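See below for the structure under consideration.
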Amino acid sequence: MPELPEVETVRRGLEAAMVGAQLAAVEQRRPDLRFPFPERFAERLTGQRVEALRRRAKYLIADLDGTDVLVMHLGMSGSFRIEQARAPILGAGAKNSLHDHVTFDLSTGARVVYNDPRRFGFMQLIPRSEFAAHPLFNKIGIEPLGDEFDGAALARLFAGKTTSLKAALLDQTLIAGLGNIYVCEALHRAGLSPRRVAACLACNDGTPSARATRLARAIREVLNEAVAAGGSSLRDHRKTDGALGYFQHSFRIYSRAGEPCARCGGLVRRITQAGRATFYCGGCQR
DNA sequence: AGTTGCACCTGGCTGC
DNA sequence: TGCAGCCAGGTGCAAC
């Protein structure tokens with residue numbers, strides 16, 4: 001499911017429920033998700049207090065009061081829901097609980113449940129001292145909602161890249177947190193073809209082009225709007241209170257193959273790039 | 001070094 | 001109604 005706006009939405013929900021609380025009991029219901037759980041996972045977490053709930057790229061990071069940091073990734077279909085004691089959420093029935101893989105019972109009485117049908121998500125425990133140098137994080141790129149992200153940064157990152165704009169924007173070692181939907185949406189807003197060479201964002205003298213500025217602005221804009229909407233719910237994404245995000249109603253290009261472009265009336269096309277579907281308008285995306 | 005293709009899983013939708 | 005086939009928000013690794 002989840003790109004930056006969905007992960008950020010989940011982070012906010014978990015932060016409100018977990019920060020300051022102690023993990024009174026942890027249950028791990030299967031040996032692995034995408035990867036095996038760490039050794040003695042539940043035991044090592046039990047009794048720890050959650051001091052902060054952060055996001056880096058599409059990772060959720062819980063700072064604990066012990067020596068470890070809990071790293072969580074939602075993969076394609078992972079979600080968290082928060083249940084208050086004695087008040088299970090209606091509709092969270094047997095079918096759904098089949099894929100409840102981890103539960104955290106908090107000292108507040110709330111229960112946090114991780115559900116992931118496809119099991120592409122994973123959880124890791126990393127010593128805090130090794131966090132920055134850890135292979136999961138040491139090559140991650142710039143945060144697109146951070147202060148340092150702008151047209152100049154984008155042009156610098158993409159300089160000399162012969163790959164497509166689409167592929168470069170999906171590369172997490174360059175920019176952290178964009179996925180298939182928001183890359184398509186940002187390129188459409190910026191009026192840029194996903195097939196362009198990534199290096200086209202820099203002028204011959206290396207300065208950022210107007211295109212770079214437009215694209216950086218479009219990326220920030222679409223991410224901010226999506227976060228404000230609680231993310232996009234296609235199949236699996238839920239806020240931690242069970243509510244749907246609603247940004248999917250604001251897609252201008254994603255999954256609209258065959259429809260007229262909302263901006264120019266041109267035909268929205270679907271192509272495949274790097275094995276992923278790309279939606280774009282041949283009329284106004286140049 | 002940079003890219004592509006495939007694998008990892010389940011479930012939902014489409015079309016026969 | 002049933003079932004086969006295709007598709008899906010991500011990422012890591014093997015192969016070119």
Side-chain angles (χ1 to χ4, degrees), chain A residues 1-11 29-37 55-60 71-80 93-101 114-124 134-141 144 157-187 194-195 197-199 222-223 226-227 229-239 244-251 253-258 270-279:
Chain A
M1 66 174 266
E3 305 181 32
L4 187 155
E6 291 75 38
V7 179
E8 178 60 24
T9 298
V10 171
R11 187 199 70 76
R29 296 184 178 169
R30 53 174 298 126
D32 55 43
L33 294 173
R34 179 170 189 191
F35 307 118
F37 280 92
R55 179 190 59 73
R56 174 77 172 106
K58 299 170 193 170
Y59 293 90
L60 293 161
V71 173
M72 300 172 281
H73 196 289
L74 301 171
M76 289 280 268
S77 60
S79 65
F80 282 95
K95 180 176 178 242
N96 196 32
S97 65
L98 173 65
H99 299 295
D100 289 349
H101 304 309
Y114 179 69
N115 181 283
D116 188 355
R118 292 176 75 180
R119 303 199 302 273
F120 287 167
F122 61 90
M123 297 192 188
Q124 280 284 305
H134 192 278
L136 284 177
F137 296 102
N138 65 4
K139 287 195 294 226
I140 291 208
L157 285 166
F158 286 10
K161 299 255 177 254
T162 57
T163 192
S164 65
L165 269 182
K166 173 77 189 296
L169 289 165
L170 284 174
D171 185 342
Q172 302 296 298
T173 69
L174 300 173
I175 303 172
L178 295 178
N180 207 30
I181 291 175
Y182 299 106
V183 167
C184 290
E185 293 295 321
L187 285 168
R195 310 167 74 152
V197 168
V222 73
L223 292 178
V227 169
S232 304
S233 295
L234 296 190
R235 294 163 189 78
D236 303 304
H237 173 62
R238 285 282 190 289
K239 297 160 74 168
L244 297 169
Y246 54 88
F247 191 75
Q248 65 278 10
H249 304 301
S250 302
F251 293 167
I253 197 82
Y254 184 81
S255 82
R256 295 193 178 278
R270 181 192 192 278
I271 61 172
T272 299
Q273 289 179 293
R276 320 282 310 271
T278 294
F279 299 89

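Please read these numbers as outputs of a predicted model, since none were measured by experiment. Throughout, a chain's letter reflects where its sequence line sits, starting with A, and its residues are numbered from 1.
Straight-line distance from the CZ atom of R276(A) to the P atom of dT11(C): 9 Å, rounded to whole Å. Put simply, CD1 on I271(A) is 12 Å from P on dT4(B), counting in whole angstrom units. Rounded to an integer number of Å, the gap from Q273(A) CD to dG9(C) P is 13 Å. Going from atom NE2 of H237(A) over to atom C1' of dG10(C) covers 16 Å, rounded to whole Å. What separates CG of L170(A) from P of dT3(B) is a distance of 13 Å, to the nearest Å. Between the C1' atom of dC13(C) and the CG atom of D171(A) lies a distance of 15 Å, rounded to the nearest Å. Rounded to a whole Å, the CG atom of L165(A) is 17 Å from the P atom of dG2(B). Atom pair F137(A):CZ and dT11(C):C1' shows a separation of 13 Å (rounding to whole Å applied).
Using a 4.0 Å heavy-atom distance criterion, A167(A) is classed as making no nucleic acid contact. Residue-level contact check: F122(A) touches neither bases nor backbone, having no heavy atom under 4.0 Å from any strand.
Side-chain nitrogen and oxygen atoms of Y254(A) include at least one within less than 4.0 Å of the OP1 or OP2 phosphate oxygen of dG9(C). For dT11(C), one of the phosphate oxygens OP1 or OP2 lies less than 4.0 angstrom from a side-chain nitrogen or oxygen of H73(A). For dA8(C), the OP1/OP2 oxygens have no side-chain nitrogen or oxygen of S77(A) closer than 4.0 Å. Between dC6(C) and R270(A), no contact under 4.0 Å exists linking OP1 or OP2 to a side-chain N or O. Regarding contacts with the backbone of dG9(C), every side-chain N or O of K58(A) stays at 4.0 angstrom or more from both OP1 and OP2.
Rounded to whole Å, the separation between the C1' atoms of dT3(B) and dG9(C) comes to 22 Å. Rounded to a whole angstrom, the distance from the P atom of dA1(B) to that of dT11(C) is 23 Å.
Taking CG of L169(A) as the reference point, atom CG of N180(A) lies at 11.0 Å (rounded to 0.5 Å). Note that CG of D100(A) is 8.0 Å distant from OG of S79(A), once rounded to the nearest 0.5 Å. In this structure, the separation between CG on L33(A) and CE on M72(A) is 12.0 Å, given to the nearest 0.5 Å. One finds the CD1 atom of I181(A) at 9.5 Å from the CZ atom of R276(A) (value rounded to the nearest 0.5 Å).
If you find the closest nucleotide of DNA chain B to R235(A) and to T163(A), the one lying nearer the 5' end belongs to T163(A).
The neighbour count for R56(A) CZ, taken as heavy atoms of other residues, nucleotides or ligands under 6.0 Å away, is above 12.
When each of L244(A), T9(A), L74(A) is checked for a side-chain contact (heavy atoms from CB on, under 4.5 Å) with H237(A), only T9(A) meets the rule.
Ring pair Y254(A)/F279(A) is perpendicular by interplanar angle, where above 60° counts as perpendicular and below 30° as parallel.
Side-chain proximity of K161(A) to dG9(C), dT11(C), dG2(B): nearest is dG2(B).
Aromatic pair F137(A)/Y59(A): centroids less than 6.0 angstrom apart.
The pair D32(A)-R34(A) does not count as a salt bridge, with every side-chain nitrogen at least 4.0 angstrom from each carboxylate oxygen.
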Pairs counted as Watson-Crick or G-U wobble with both distances under 3.5 Å: what dot-bracket string results for DNA chain B, using | for bases tied to another strand?
.|||||||.|||||||
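Counting only heavy atoms from C-beta outward, the side chains of S255(A) and R270(A) never approach each other to under 4.5 Å.
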Could you go through nucleotides 5-9 of chain B and list every protein N or O atom that sits under 3.5 Å from one of its N or O atoms, giving the distance for each pair?
unit_1, atom_1, unit_2, atom_2, d
dC9(B), O3', R119(A), NH2, 3.4
dC9(B), O2, R118(A), NE, 2.8
dC9(B), N3, R118(A), NH2, 3.3

